[in-house]
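Written out below as structure tokens is the structure these notes cover.
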Amino acid sequence: MGLWLIWLVLGTCAAFTYPLLPSWGFAILIGGIIGLISCVVMVLGLRRHRPADMSAWLLIASGLFLWVGGDVVFIAEGLLRETQVYPTYADFVYLTAMPVLALGLFRMSRDRWPRLSARFTDWAIIAVSLAIVYWVFVIGPVATDASLPLSTRLVTTGYPTTGVVLFAVVLPMVVRPGRQTVSRWLLIVGSVFTLICNVLYTLVPAAAAYTMWVGVGYLLAYVCWSTAVLHPSVRMPAAEPVAETFSRGRLLMLSVSMLLVPGVLLIRRTHSVDHLSWLVIGLGSAILFVLILLRLSGFVSAAQSLALHDDLTSLPNRRNFEQRVTAALGAGGSPQVAILNLADFKNINDRLGRAAADRALVAIADRLREATAEPMLVARIGGDEFALLIPDASAAESEVLARQVADALRRPIDTAGLELLLNVRVGISDGDGVSDAGELLRRADTALDAAKRHGSRFRRYVVELDEIAARDAQMGADLRRALDANEQFFLVYQPIVSLPDGRTVAVEALVRWEHPVRGLVGPVEFIPIAERNGLIVELGAWIMRTSCRQAQIWRDELGADAPQYVSVNVSAHQLAQPDFAEFVSSVLKSTGLPGEHLLVEVTETAIFSGGIAVRTLEKLRALGVRIALDDFGTGHSSLGLLQNVPVDVLKVDKSFVDNITMAGRHAVIAEALIKVADGLGLGAVAEGVETAEQAAELHRLGYRLAQGYHFGKPVVSPFREAAGVG
Ligand code: C2E
Ligand code: CA
Ligand code: CA
């Protein structure tokens with residue numbers, strides 16, 4: 001049995017003997033002893049438990065000491081004086097104890113009600129309405145009674161007022177949602193005892209006969225407060241603030257508080273002559289209050305549902321989802337969170353317009369609702385992102401579920417007569433070692449990023465992904481700095497030769513990065529990062545200007561020996577810029593390079609989705625610039641693409657060249673591709689030619705252009721005699 005319980009029981013019993021003792025002397029003695037023991041218990045408890053809000057507890061303890069000091073004065077006065085007087089010096093000591101106590105209790109509850117929060121308003125409504133009632137019935141009559149001496153009026157109003165203040169201060173502890181510790185309940189109960197006793201002692205004449213029982217109340221307050229410090233829960237800091245809710249109970253409490261005011265009007269005024277009109281006013285205002293409240297509660301529930309649901313799809317929103325994840329984490333199971341991203345949704349938005357895209361989202365949400373069942377939760381957490389919570393599942397189970405949901409989205413979706421095919425990517429994470437919802441979502445998001453990076457459909461979070469992301473971020477920042485410094489990038493040029501003679505007819509510009517710390521970094525490493533953070537646009541502009549300037553210099557210096565064209569790689573992000581063609585045009589103008597001497601290499605993926613990219617290519621064509629499909633055969637290959645998109649050259653990927661000299665399927669593809677190119681009247685360049693045998697075989701198949709280490713690696717100045725640009 002805890003020490004606190006022993007003291008609570010013993011102290012309570014002792015307090016009840018107070019009025020039963022045969023003589024006033026004994027009673028005073030018992031009262032004094034309980035008071036002193038309470039003080040000692042307080043000190044012991046504070047030393048033993050060292051509570052978190054120590055300063056508040058010290059104030060409460062000081063208040064208790066002052067109060068017990070008041071008892072000592074009271075006893076001394078009793079011994080010195082024959083007749084009882086009112087007020088006594090003890091009364092003033094008691095009254096100084098109250099503000100100290102109130103301050104301590106205030107500090108204890110203060111940090112948990114953010115200023116001007118809904119909880120504060122609720123508290124203020126209750127406090128104000130109680131204050132009105134209190135003035136009208138309790139304080140008003142005494143305070144305005146001129147027949148009493150000032151000291152009497154002060155003490156008589158002081159007791160109940162300080163009692164009420166004390167109670168008002170602990171009120172937020174009572175009304176706040178969430179679990180309360182035993183220690184805090186004891187503080188609350190002690191304060192209630194004090195309030196009752198203060199009111200009885202001064203304001204209810206009939207209670208004078210029971211002064212002894214009022215004393216019991218005060219002694220119980222001592223016992224409660226001191227036990228509060230002895231209970232181990234005193235160590236616990238204030239519970240976490242709970243999300244604001246607007247329960248019916250709270251609404252009822254507020255309604256009652258507000259109705260108190262018209263209630264007072266009614267009760268006070270019905271005795272007077274014009275009581276009828278007062279009755280009407282009172283009743284009318286009461287009804288009005290109720291009506292306003294009803295209105296308010298309707299508004300509140302609407303606002304609440306708005307705040308927790310997505311407008312468009314009425315799926316739970318991010319906030320709601322995070323709350324549910326928090327709950328799942330708290331429940332102790334093994335929650336799994338998956339984020340589903342619709343990869344090409346921006347395109348759908350561009351192509352079909354906002355209204356159609358919205359309808360598509362609604363259809364997608366319906367599909368998601370069908371595909372999930374309790375206790376799974378699906379939410380819309382971004383424009384084209386949805387999240388899935390599986391409150392308790394193993395990694396394997398959750399993967400099956402998440403894949404099922406993603407597959408449901410991959411089936412064609414019918415909206416406005418259009419069949420949409422969605423490209424869905426999933427990032428998933430479990431809650432192992434995660435304590436908050438934000439972190440769990442971040443992990444799923446990191447996994448999703450990795451999925452996007454690798455073009456895969458599904459990815460689970462592992463710690464290494466964070467390391468990669470950090471390195472990416474570092475590299476991104478370095479790229480930004482390198483672009484500003486404008487001296488770390490340079491271009492190398494790889495010959496494109498004619499077959500079979502190996503004469504250089506053109507060059508491909510390839511970018512290099514001389515990193516101040518890491519040394520030479522290859523484009524395979526940094527181009528994808530520049531694409532992700534958008535820096536590719538700026539970097540690509542520099543590459544375009546530099547290549548065109550260089551090509552024009554070669555033309556000036558080498559004349560007929562100059563390469564016929566420079567081939568520049570252009571990424572999807574650049575093509576998607578609406579003014580890309582205008583930019584190229586301005587570069588051609590400023591460098592003096594005719595458009596026929598420039599060729600841009602784009603990937604199939606960059607133009608697959610159509611839209612701006614294809615229009616840009618058409619505008620480039622109008623400038624005389626030619627277009628090559630890079631890495632042909634490895635992307636979203638579709639021969640149909642070749643009919644709709646302006647293309648002049650196919651660059652046949654190295655993978656089809658690699659095994660060409662061995663008998664097998666690859667030679668078949670290389671052969672088929674040259675037939676396609678010939679058939680459509682397109683040029684073809686075989687990439688990655690490393691041996692003479694490959695070159696001979698390619699020539700035999702019909703290739704007339706090739707590129708590869710066999711002919712020349714990319715170098716800064718492929719034409720020794722000509723100057724380079726830096
Ligand atoms: P890509 O456009 O397909 O470029 C060909 C890549 O293959 C180059 O690598 C080149 O050095 C390499 N290569 C050429 N011949 C051979 C060979 O015989 N054997 C082997 N093993 N490799 C060969 P690099 O320069 O590292 O570029 C890699 C990729 O980075 C490029 O692939 C391109 O997608 C991108 N990239 C390079 N420079 C630029 C640029 O200026 N702008 C953009 N947007 N992307 C670039
Ligand atoms: Ca290329
Ligand atoms: Ca290529």
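What you see is a predicted model, and the numbers here were worked out from it, not measured in a lab. One-based numbering, in listed order, for ligands and for the atoms of each. As a basis for the values below, the full set of heavy atoms in this structure was taken, side chains included, without hydrogen atoms, waters or symmetry mates.
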Pairing of Asp472 and Arg532 as salt bridge, 4.0 angstrom limit: yes
When you measure from atom 15 (N) of ligand 1 to every protein heavy atom, which one gives the shortest distance, and what is it? Gln494 NE2, 3.0 Å
Identify, by atom number and element, the atoms of ligand 1 in contact range of Gly688, meaning under 4.0 Å from any of its heavy atoms. 16 (C), 17 (C), 18 (O)
Hey, are Arg411 and Asp407 close enough for a salt bridge, meaning a charged N less than 4.0 Å from a carboxylate O? no
Looking only at protein heavy atoms, which one is nearest to atom 44 (N) of ligand 1, and what is the separation? Asn569 O, 3.6 Å
Does atom 34 (O) of ligand 1 have a protein non-hydrogen atom under 4.0 Å from it? no
Check Arg512 against ligand 1 and report side chain, backbone, both or neither, counting heavy atoms closer than 4.0 Å. side chain
Write out the residue and atom name of the closest protein heavy atom to atom 32 (O) of ligand 1, then the distance separating them to 0.1 Å. Asp630 OD2, 4.8 Å
Within a distance under 4.0 Å of any heavy atom of Glu690, pick out the atoms of ligand 1 and give their elements. 17 (C), 18 (O), 19 (N), 20 (C), 21 (N)
Under 4.0 Å between a side-chain nitrogen and a carboxylate oxygen: does that hold for Glu322 and Arg319? no
Atoms of ligand 1 under 4.0 Å from any heavy atom of Ile543, numbered from 1 in the order shown, are 40 (C), 41 (O), 42 (N)
Between the Ca ion (ligand 2) and Ser567, is there an N, O or S atom separated by less than 3.0 Å? no
Between Asp310 and Thr313, is there a donor-acceptor pair closer than 3.5 Å when you use the side chain of the first and the backbone of the second? yes
Would you call Arg700-Glu697 a salt bridge at under 4.0 Å N-O? yes
Heavy-atom contacts under 4.0 Å between Glu508 and ligand 1: side chain, backbone, both, or neither? side chain
Lys675 and Asp678 ion-paired at < 4.0 Å: no
Assess Arg626 against Tyr565: is NZ or CZ under 6.0 Å from the centre of the six-membered ring, and within 45 degrees of the ring's axis? yes
Looking only at protein heavy atoms, which one is nearest to atom 12 (C) of ligand 1, and how far off is it? Tyr709 OH, 4.2 Å
Are Arg471 and Asp466 ion-paired here, with the side-chain N under 4.0 Å from a carboxylate O? no
Under 4.0 Å between a side-chain nitrogen and a carboxylate oxygen: does that hold for Glu508 and Lys651? yes
Who's closest to atom 20 (C) of ligand 1 heavy-atom-wise, of Lys654, Lys651, Gln574? Lys654
Got the closest protein heavy atom to atom 24 (P) of ligand 1, with its distance? Pro523 CG, 3.7 Å
Arg369 atom CZ, over 12 foreign heavy atoms within 6.0 Å: yes
Look at Glu508 and state whether any of its N, O or S atoms is less than 3.0 Å from the Ca ion (ligand 2). yes
Option of least heavy-atom distance to atom 39 (C) of ligand 1 (set: Val657, Val511, Leu491): Val511
Heavy-atom protein contact below 4.0 Å for atom 2 (O) of ligand 1: yes
Give me the nearest non-hydrogen protein atom to atom 28 (C) of ligand 1 as residue plus atom name, then the distance to 0.1 Å. Val524 CG2, 3.8 Å
Who's the nearest protein heavy-atom neighbour of atom 11 (O) of ligand 1, and how far? Pro714 CG, 3.4 Å
Within ligand 1, which atoms have a heavy atom of Glu687 less than 4.0 Å away? 3 (O)
For Asp631, the atoms of ligand 1 under 4.0 Å from one of its heavy atoms are 3 (O)
Quick one: do Asp484 and Arg480 make a salt bridge, cutoff under 4.0 Å? yes
Would a line drawn from the ring center of Trp554 to the ring center of Tyr493 be shorter than 6.0 Å? yes
N/O/S of Asp631 less than 3.0 Å from the Ca ion (ligand 2)? no
Salt bridge flag under 4.0 Å for residues Arg481 and Asp478: yes
Which residue and heavy atom of the protein sit nearest atom 8 (C) of ligand 1, plus the separation: Leu510 CD1, 3.9 Å
Which of the N/O/S atoms in Asp630 sits closest to the Ca ion (ligand 3)? OD1
For a quick check under 3.5 Å, do Gln336 and Arg460 share a side-chain donor-acceptor pair by atom type? yes
Atom name of the N, O or S atom of Glu601 nearest to the Ca ion (ligand 2) is OE1
